[in-house]
Amino acid sequence: MQFPWFRRFGGGLELSSIDFFGTDQTETLSQAIRRSAEDTTASVEDEPEANVLFGTIQGSVVGLRYYTGVVNKGEMVSLVREPHNPYDRNAVMVANVYGSQVGHIKRQLAAPMAHIMDNNLAKVEGVVPYGVNNTFTMPVHLSFWGKEENKEAVISELNRHGFKLGLGSKGGGQVASPGRTIDQFFAPMKKVTAIPLTPEQLKNAFDKLFDDLMEDKAREMEAGEAVSTPLLPHQKQALAWMTARENSTDLPPFWVEKNSLYLNVLTNFAIQERPESVCGGILADDMGLGKTLTTIALILTNFHNGKPLSLESTPFFPESMATKRKKTAPKENREKGVEETVTEESPTTSHSKRQHEDSVPIVIIDSDDEDDSAAPKKKAKGKTEEKQPKTHPAQRKVPCSHKKKAQKKSPGLSKSSSKPGASGGARATLIVCPLSVLSNWLDQFEQHVHADAKLSVYLYYGAERKRESRFLARQDVVLTTYNVLSSDYGNKKSSPLHDVSWLRVVLDEGHIIRNPNALQSKAVLDLTAERRWILSGTPIQNSLKDLWMLISFLKMKPFDVREWWNRVIQRPVTLGDTKGLKDLQTLVKGITLRRTKTSKVGGRTVVQLPERRVFVQHVALSEEERREYEAVKREGRDIIGRYFAEGTVLTNYADVLAILVRLRQFCCHPQLLRSSTSAAGATDTSTPSELRERLIKKITLVLGSGSDEECAVCLESLRQPVITYCAHVYCKACICEVIRSEQQNAKCPLCRAQIKIQELVEYPGEDEDSDSSDTKDKWLSSSKVDALMSNLLRLRQEDKSIKSLVVSQFTKFLSLLEIPLKEHGFSFTRLDGSMSQRSRTKALQAFQDSSQGSPSIMLLSLKAGGVGLNLTAASRVFLMDPAWNPAAEDQCVDRCHRLGQKKDVVITKFIVKNSVEENMVKIQRKKQKLVEKAFGGRNVQERKQARIEEIRALMEL
DNA sequence: ACCGCCGGGTGCC
DNA sequence: ACCGCCGGGTGCC
């Protein structure tokens, strides 16, 4: 098996190819390291934060004189099993940070270590306390990290061989360089260990990790003349920063020059050769700030040898050509992805030589798989093996695409250029992106590149893509997708993209490679390039782990190797080590630029958003509605009033909520509550299965009503909600913990009723009731529906192009709304939490599409979709019912009032007069004030009391 | 001479 | 390696 790891290690390291026992049955050092890294996937290595320190031991490294790897005072070393060592199958090799072998672990100790390592009982890490001058052996501090359940096994295995795991400062403890050695992580030490951060502080610091990374990055730079679009100030800043990063000769973070050596201050590793500068980084701007344009500007401005691409016209490229090209590239064609314009001079069909001589414009080749109508084929004979009848490229001409400058230098093929870092013949930029944004890149190139610029852009996509690395290396830009890249890479045959020595590789939506086991990630890591960029609005999606791949891609030594990342950054940070967090911040800051829509440039926000205005429209119920409403309200008030009298409001909280929900539903449409049978009352006499069923109904009612309940244990939004037999809802983990700690006597935190783990009922998830059939026959409107419809009808009359979001917390209400919408001939789409990812995307795409006949209305459930949801097509929002939490409404509105919104946004909130809704609005205002005062009512008691007051206010009791 | 002692050769796993 | 170990040389003092 060939793993990308191998090449990665082999890349800059001569020593990696040492082959110590003949080539046949033994493996090279780099293979061994790689294998050990591969073998331990999904194990101790994979989840370093789940590991605890078992203890440490002093061992010795022997055989130093046979190897060239040197180690510094306090330097970290890695331990690699060598099961095929002919002298001892227990052999454990010691390597320094760059992977050069230093020696072996002494035989006696290697025996238990081999057992421990092979069975994945622990990860063993080494630090050499001193030993630069040792000739034959040196000591090594070994620390054993693993899962708690393996601790005994590790200790006894070591004991069997006469070793005893110690804790802390064994061996004198004068481990050099205070503050940053293993000592720091030896838990029970009297030494000055920084107080670990609380999980909350950590999370906070984490959230802020990527906040506005733009200090000291305010310098602006004008784009080269080939960029036809004027850059905004923040884009000029980004350009300046990116150019500076690409041309940087600085040492990578944490490296210093010392005594003519280069020292990594985190691992204490020193080496003579200067570690390569990281020529690139992460552009993590929010979406909409123009990452694509900035990147195009970068390509054109820092084109080659630090100079911009010039516009000088050359005899090879007569002016007439440009005009002609424009004519042959009607925009409409491109947008539909259908191509009629095909020229025979296209690079797919012409020889590159000819292309040179005849100054044939480079053509962007867009091979849509479904399009085989175009392209009169020519000269297909030369490449029959690639030919697939179903798919052949549609081709299009783009004004910006031209023949590149005549260049005699040999193109940057990685085989010919020995050192990737040396700016040899590398010329081409490879852009890898998800398929969904491919066309956007093409559009943007066309839009932002000056018509007279000679820039060749090749779309490496589709069955007929030109799989010729020499050809690819001669382009200025090659555009491809992660899919194409990895399918080439996964093929046994060589991958052309991997044979090119790129000037620059750009990963669009770079967070896509965050899973290191994915083929596309491996494929990306294995690309050769001088400069590397990651574009991503969300560089960290889940955890710190996500960052490693990005750092690894940037080839930031030594973190491109997982072990060093884990030991130096990830674990210290997850253990709450302040120094580790600071190192992480330094690291991220050095390579990342991030601005959000609220970032300021010269005192002004980066992007001016259109205005947003909120109107409240009061709705009066009809007489009949009012009568019925009051009846429902009276009934509810009686019940709740009784609870108040008994002092059991919180005990019966679920019932209280249910009553409120019914009232709120009624305000929207009377029909809504007919389907939801009263969940209140009758808790005493019923069979367990009936009880269970009722509880499920209750929890569904509570959670499905959008009330944003919080768990009374953790005081946060419910995660994995469960309901107790006494009808209170908690996070599953929280209430289980309570029960565990209180054992037999566990009581419900809200009502003190006895609770048991086996009596918790889980929330089955939103399960659309299939009672839409009975709603259809007897359709009656409601006052609120009428109010909405008259708004929509007026809007349609005034401006057909305006799109609206109709938002409710009740998906059933959305279903009801479909009826009058259909009736009036509105074209609409819908997005709610119950939809599959696939149908969501479909609904979204349909709605965001601006062409005629696209839906003008989206029915949206308040909490559907994440913050990432982009609904900028809409500029009108109708909030059908007030939410408990005003922030939820804001968030929802933000989905259209965000970057990319061109129109002013108008929001209409419907509130039924003299109803629970009005009272909710009052409570909202109160809550808002509390938030503004940063006064969240921290403890449970306060919150309970606040709840009771809320209910009192809502029911006017 | 089936030991002790001496001193040279030697040395990871 | 300023060690330990091995194995050959040697053998009163």
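Naming: A, B, ... by sequence-line order, numbering from 1 per chain. Values below: every heavy atom of this structure, side chains too, minus hydrogens, waters and symmetry copies.
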C1' gap between B:dC5 and B:dA1, integer Å | 12 Å
Rounded to whole angstroms, how far apart are CE on A:Met113 and C1' on B:dC13?
-> 13 Å
Looking at the side chain of A:Tyr67, which of C:dA1, B:dC13, B:dC12 is the nearest nucleotide?
-> B:dC12
Using the six-membered ring for Trp and the full ring for Phe, Tyr or His, decide whether A:Phe136 stacks on the six-membered base ring of C:dA1 (centres under 5.5 Å, planes under 30°).
-> yes
Donor-acceptor pair under 3.5 Å: do we get one between A:Asn85's side chain and the base of B:dC13?
-> yes
Considering all heavy atoms, the nearest A:Ala428-A:Leu472 contact = CB-O, 3.8 Å
In whole angstroms, how far is the P atom of B:dG11 from the CG atom of A:Leu64?
-> 16 Å
Measure from CE on A:Met138 to P on C:dA1 and round the result to the nearest Å.
-> 15 Å
Picking from B:dC13, B:dC12, C:dA1, the nucleotide nearest the side-chain atoms of A:Tyr66 would be B:dC12
Whole angstrom value for the distance that separates C1' of B:dC12 from CD of A:Gln101 = 9 Å
Re C:dG11: Watson-Crick or G-U wobble partner, both distances kept under 3.5 Å, found to be B:dC3
Could you check if the base of B:dA1 is syn or anti? Syn means the glycosidic torsion is within 90 degrees of 0.
-> syn
Rounded to the nearest Å, what distance is computed from the CD atom of residue A:Gln108 to the P atom of nucleotide C:dG4?
-> 14 Å
Do A:Ser536 and A:His511 meet the criterion of a side-chain donor-acceptor pair at a distance under 3.5 Å?
-> yes
Can we say A:Glu82 and A:Arg89 salt-bridge, meaning some charged N sits less than 4.0 Å from an Asp/Glu carboxylate O?
-> no
Rounded to whole angstroms, how far apart are CG on A:Leu109 and C1' on B:dC12?
-> 14 Å
Kindly say if A:Arg107 contacts the phosphate of B:dC13, meaning a side-chain N or O under 4.0 Å from OP1 or OP2.
-> yes
Are A:Arg467 and A:Asp488 ion-paired here, with the side-chain N under 4.0 Å from a carboxylate O?
-> yes
Contact class for A:Arg65 (heavy atom, under 4.0 Å): base, sugar-phosphate, or nothing?
-> base
Output yes when at least one side-chain N/O atom of A:Tyr87 is less than 4.0 Å from OP1 or OP2 of B:dC12, else no.
-> no
Given atom CZ of A:Arg81 and atom C1' of B:dC12, what is their separation to the nearest angstrom?
-> 15 Å
Between A:Asp526 and A:Lys522, is there a side-chain N and carboxylate O pair less than 4.0 Å apart?
-> no
